[in-house]
Amino acid sequence: MIEQALDEINRGCAEIIDNERIEKLLKAYYDEGKTYTVKAGFDPTAPDLHLGHTVLLQKLAAFQKYGGRVQFLIGSFTAMIGDPTGKSATRKVLTQDDIVKNIASYTTQAFKILDESKTDIVYNNEWLDKLGAAGMLQLASNLTVARMLERDDFSKRFASQTPIAVSEFMYPLLQGYDSVHLQSDIEIGGTDQKFNLLMGRQLQKAYEIKKQQAVLMMPILEGLDGVQKMSKSLGNYIGVTDTANDMFGKILSISDDLMWRYYELLSTKTLDVIAQMKTSVEDGSLHPKKVKEDLALEITERFHSREEANAAKEEFDKVHAKSQIPTDIAEFSCEGDIWIAKALQECNIEPSTSQARRDIKQGGVKINQEKVTDEKLQLTQGEYLLQVGKRKFAKLKVN
RNA sequence: GGUGAGAUAGUCAAGUGGCCAACGACGGCAGACUGUAAAUCUGCUCCCUAUGGGUUCGGAGGUUCGACUCCUCCUCUCACCA
């Protein structure tokens, strides 16, 4: 029993600190039914979760199966500072209003994966507000500047002459203090959180709460480009609230290498099954596209439904395999004749008339499936199907 | 507070009086090839109904026929000193 639980918990992890502790907690659960707490912090800076976040959520869900109670920590206080992790610049500070709004949509999305009955949502401003200047100072005395500067992201920013606000130094301390207050048994986070996560252990020791949290780190999920981490600001993400069509299409557009990574971190298939598929692909008995489709279906189904996932697949085949036009196309209309470049811009499929002309020149623009060659073309009364490249479509009605 | 260095398009980074809408790299877009994969090859990459015009090189002024380039002030960053 414990073996199986441990296997599932260890799956895909980048690093675990104090695995013995996790084993003990599991043992206590199986022997005495004792539950334990698993903390994970979320920054309510953006209202949408993407698949990168779900890697963590899935791991939390795994803990919930084996006696873990999740402390879903909303960084309502720390969001005012902004986590310096991986940032090349000081983050903009959020207002309380923004935060409240973000949290609402955040938690609904999270409960698509987490078991709500085994989750406690906590806000760190509840105790951090009360910490006060004296408490802050006491907290800060636990950390030296030299140690702070050891942090890779800080030293890099320092080296590249990017500003670092002093308040950002406080971030790891506050995050660590959360673990003191919550008396967390385990904390999980991305590998980029290592410093912050370890701070929790150090502070729990310093504040003598008689336990030190185990730390479990998940790899960072790469975005669609396969290089940089998935993030909204880089635009390389698959959002939990993306439509089934988008989700399916985005997953199919990732590279084959990245696909295996996604399988490992996002799929519920066992590692054995995944390894087997990989072998079959390598010896040519299984087409990688098929494997990718299965992944796309699995994930789309998780956030939508089986029917919608299948419909998304059909739509995709229709548009791309058979190069027919998509079902839903944004429609626009205008009064009087219009210049083609202007029309493309008006329909939001080209950013400017300059760009439109360039694309026409390069043969990237089609009207009613026919390539446009004349960049001065005027559209007269009628209905047109405009297309730029392979994926941008719009319908335009000229009156 | 003092001294010195720096701020250039999405990012990095050349350019130090006209040849500059600004080298190059990355990214991005389009085309070819494909499985809307990767790799590769080609073209494009500020805006404007365009062989031309307009607005750009942290901000505001100034010198000059002409400024990203020189001067003054301001804002921000970094380093060293205190």
* Heavy atoms, side chains only, cut-off 4.5 Å: are A:C334 and A:K342 in contact? -> no
* Regarding A:Q183 and A:T37, is there a side-chain donor-to-acceptor distance under 3.5 Å anywhere? -> no
* To do: For A:S352, report the nucleic acid contact type (base, sugar-phosphate, nothing); a contact means any heavy atom under 4.0 Å.
  => sugar-phosphate
* With a distance cut-off below 6.0 Å to the six-membered ring centre and an angular limit of 45° from the axis, does A:K250 pair with A:Y237 as a cation-pi contact? -> yes
* Mind checking who B:rG35 pairs with, Watson-Crick or G-U wobble, both distances under 3.5 Å? -> none
* If you measure only the distance, is there a donor-acceptor pair under 3.5 Å linking the side chains of A:T119 and A:Q64? -> yes
* Does B:rG58 have a Watson-Crick or wobble mate here (both distances under 3.5 Å), and if so which one? -> B:rC74
* Do A:D317 and A:K313 meet the salt-bridge criterion of a basic N to acidic O distance under 4.0 Å? -> yes
* Select base, sugar-phosphate, or nothing to describe what A:D359 touches, counting heavy atoms under 4.0 Å on all strands. => sugar-phosphate
* To do: Name the orientation of the base relative to the sugar in B:rA50: syn if the glycosidic angle is within 90° of 0, else anti.
  => syn
* side-chain hydrogen bond (donor to acceptor under 3.5 Å, both in side chains) between A:Q355 and A:S352, intermediate numbers included -> CA-CA 5 Å; A:Q355 182 62 45; A:S352 67; 5.6 Å; no
* **Pairing partner (Watson-Crick or G-U wobble, both distances under 3.5 angstrom) of B:rG18** => B:rC65
* Walk along RNA chain B from 5' to 3' and tell me the first and last nucleotide with an atom closer than 4.0 Å to a non-hydrogen atom of chain A. => B:rC29 to B:rA79
* Is there a Watson-Crick or G-U wobble partner for B:rU51 with both distances under 3.5 Å, and which nucleotide is it? -> none
